[in-house]
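This report refers to the structure that appears directly beneath it.
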Amino acid sequence: MYDLPTELLNLLQNPKTTRTLATSAHDGTPDVVRRDALAVLPDGSLALPEELDSSQTSKNLVLAMWQDRRVALTIGNGNQAWHVVARPWRCVVAGPLFKQFLLTARAVDGPDADIAAVWILRPEAVRDDSVASQRAVELAQRPWAGAHMDCARFVRDAD
Amino acid sequence: MTFQVVQNQQQPPPKQPQPDVREGLLTLRDATEADAAFVDRLTRETMTPYVQQTWQDPSEVAYYFLKNKFTPDGTRIVQFNGRDVGRLTLIHSHDEIFVDNIHVHPDFQGRGIGAAVLRQVISEARRDGRAVRLQCLRVNPAEHLYRRLGFLELDRNATHFFLRLPSRAPTRSPVIRVPRPHDPGPRELAALHPGVPFFILLKMDLQRRGLLLTPAALDAVQDPLYDYGRSYVIYGQGDQVRKNAPGPLLLRDGTSVLVLAGAQYNESYTVDYRDGRFLLYDGDEFIDEVDFTPRPDYYGKLTSNGVPMETIATARPQRLDINPYRYCHFWDGGNQCRYCAYFTDVKASSTLANGKFPRQVDPQDIYETVREALKEPGRFSQVMLTSGADPRGENTFDFEVDRQIEALQAIGRNFKTRRFASQLIGCGYDKAQLRRLHDETGLTTYCPDIEVWDPKLFDWICPGKAKWNGRDWWIRSALDAVDIFGPGNVYTNAVAGVEMAQPHGFKTVDEALASHFEACEFFAKNGVIYLSLVWIPWRGSQFHGQKQPPLEFYARLVKGLHDIRKAYGLKANNDDYRHCGNHGDSDLERLD
Ligand code: SF4
């Protein structure tokens, strides 16, 4: 399992951080959903409560588990953004962890809120996806190939 | 003294005293069905005095002999100078040999025959680094022999000593693989049948073959998080008595597996515990990380009548199972389903509960248990009721229906809504009874189990159902229930594989599958969900010792059943992976 960088762990502690999950169906159809309840567990894995077994996301997570596929997550806030590739590792349907996420959902959305399962995802690859970081990489790898020549940083003021 | 294993031949025990074991030829031969009368007589002749000293209740005595009834599986006949003089029944597992029964005819006792046979077992165990375990009635003087041979007391209860002769090498790790003929396992079959994932194949194989816990795993499940209380299975096998058993096994994909940890099966999987994780092995091959269902909060609490709530309702990961009447009258006249060990289970549970296990459960206890269970956030999303069959009443099954109505009404008092997520697995009821169940309770789904589709096999395998009131009646009941509960709210289960029991069952997997698919199609057309369960030839059932179909049969079966139901737009929501854990075919619906 990949250890998540501290910046990303800090980001996951911030309730304002946006979290999305990308999965794919049997026929390859992609599916992207926002899942702001995604949290990090003490062992560094990610926990994702799912409300319904019948959601496309749940089905795709089952498929990923059964076919050993990976899912992708984006975690972002302001100009910070991270991309995580993860392996669905466990589907938890009862017990202390399940209860903890259910109670959190009920605290946020009221006593009728419910969850069907908590999915444990094990990160396998992490990339700093912020524009600044990507640009730095781009500049380091191919300083002349990627940018238009009329960018302010290239063009000299007229004589 | 010489030991050799010879093929079958039978002679009655002689009346005359015989020479000491050193002066004769002691042999063991494999038992066959033809030995049943000899062995059962031998068991009575050797054990009756001790059994009667131990239990005054005639039903306990009867139960003892029922439990120890002859089965050819694992049994050898002890011969002295060519005469049948005893029996030895062993259950092998990877790390020990369990001596299930050893009896020497009274005319031959005191001649060293039992000791010689046991020494042979011990040397076989030592060769493989295995322990030997047995249990004996406390009043049986054979206990002294066992202790002389080096057996140590593991535990004792009011009736039994539990003894074990440790292996020479420390137990566990590496696991010794039990050789078995090659039958493709879950991984190989997942590659051959891409529509059936590894996890579902593993679940069904676990159901077929069972599992054993290593001492480390058994210690780990004593943690309050996992402790499901005493298990009659572990207890019944004399296995690590006074230790508590875990609940249903959980695979990583969230599927629960209803499998008992104990020596009920052959060639079981093993669960070990290392570095805070439960690890599943097949022999010495690591299979996957697994877990056990956490103990629900209501376990350990008492109802206002002082009844432990876990004896009123048992918990699956998301389902409460309640059995309002713990007796099946089909057993009264020997009409029980031939694969069933229900009576054995109930008696063992009763023994565990020191006899405080009445047949009929008080509805108030049911009400209070459900009330308490619902206090745990998010733990339960369904209640399932079942019970043994009771054909008594003005109309057949009236008593049973009355009792279920009482229980359902008691449960219903806990809910604001008229209906609540519930399933009743019951007998085939008539239309008026079904109407009462629907109108007088909050029941949402009904399940009269057909068990076996083929008419002739139904009559042979389910004599009780055939007698009260026959296959057509049970089918009619399921179809009538659709009019009342609605399409998709009526289920029926088949004990898949039992139709291949011999001598009358199907001879090929293809015939058996064709029968299931015909049944599924018939029921689906009529709005009934036909599900499969894995057949286990339980000890205590008439089919103990029968051969199960290979795992590939189940792979083809679950795919076929799933596809048929899907074509008819039926989904087994009540028996899905979270609630039931018994059906590979409904687990496949997770992708639908
Ligand atoms: S009806 Fe058949 S399967 Fe059910 S408890 Fe009775 S004998 Fe067993």
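Below, chains carry the letters A, B, ... as their sequence lines are ordered, and counting in each starts from 1.
Only the side chain of Pro96(A) comes within contact range of chain B, with heavy atoms under 4.5 Å apart. At a 4.5 Å heavy-atom cutoff, the contact between Ala116(A) and chain B is made by backbone and side-chain atoms alike. Residue Asn573(B) does not touch chain A at all, counting heavy-atom pairs closer than 4.5 Å. The part of Val290(B) that comes within reach of chain A is its backbone (N, CA, C, O), which places non-hydrogen atoms under 4.5 angstrom from that chain. Both the backbone and the side chain of Arg590(B) come within contact range of chain A, with heavy atoms under 4.5 Å apart. In this structure, chain B has heavy atoms under 4.5 Å from both the backbone and the side chain of Val93(A). Within the 4.5 angstrom heavy-atom criterion, only side-chain atoms of Asp297(B), from C-beta onward, approach chain A. Only the side chain of Glu376(B) comes within less than 4.5 Å of a heavy atom of chain A; its backbone N, CA, C and O stay farther away. With a threshold of 4.5 angstrom between heavy atoms, Leu63(A) approaches chain B through its backbone and through its side chain.
Nearest heavy-atom pair, Arg122(A) versus Glu289(B), reported as atom, atom and distance to 0.1 Å: NH2-OE1, 4.5 Å. Of all heavy-atom pairs between Leu588(B) and Trp66(A), the closest is CA-CH2, 4.2 Å. Here the closest non-hydrogen pair linking Leu591(B) and Lys59(A) is CD2-O, 3.5 Å. Summarising the geometry of Pro317(B) relative to Ala94(A), their closest heavy-atom pair is O-CB, 3.6 Å, with the distance given to 0.1 Å.
Interatomic distance, Lys571(B) NZ to Ser54(A) OG, rounded to the nearest 0.5 Å: 6.5 Å. In this structure, CZ on Arg379(B) lies 12.5 Å from CG on Leu102(A), to the nearest 0.5 angstrom.
The local environment of CG in Asp27(A) is crowded, with over 12 non-hydrogen atoms from other residues, nucleotides or ligands closer than 6.0 Å. Counting heavy atoms of neighbouring residues, nucleotides and ligands inside a 6.0 Å radius, atom CG of Asp112(A) does not exceed 12 of them. Counted within 6.0 Å of CZ on Arg156(A), heavy atoms from surrounding residues, nucleotides or ligands total 12 or fewer; the atom is thus considered open. For Asn79(A), the CG atom sits in a loose shell: 12 or fewer heavy atoms of surrounding residues, nucleotides or ligands are nearer than 6.0 Å. The neighbour count for Arg135(A) CZ, taken as heavy atoms of other residues, nucleotides or ligands under 6.0 Å away, does not exceed 12.
Side-chain contact between Lys99(A) and Pro294(B) is absent, with no heavy-atom pair separated by less than 4.5 Å. Residues Val62(A) and Asp253(B) fail the side-chain proximity criterion, which asks for heavy atoms closer than 4.5 Å.
In terms of heavy-atom pairs under 4.5 angstrom with chain A, the leader among Pro377(B), Gly378(B), Ser381(B), Ala190(B) is Pro377(B). Ranked by heavy-atom pairs under 4.5 Å with chain A, the first of Phe198(B), Phe380(B), Tyr577(B) is Tyr577(B).
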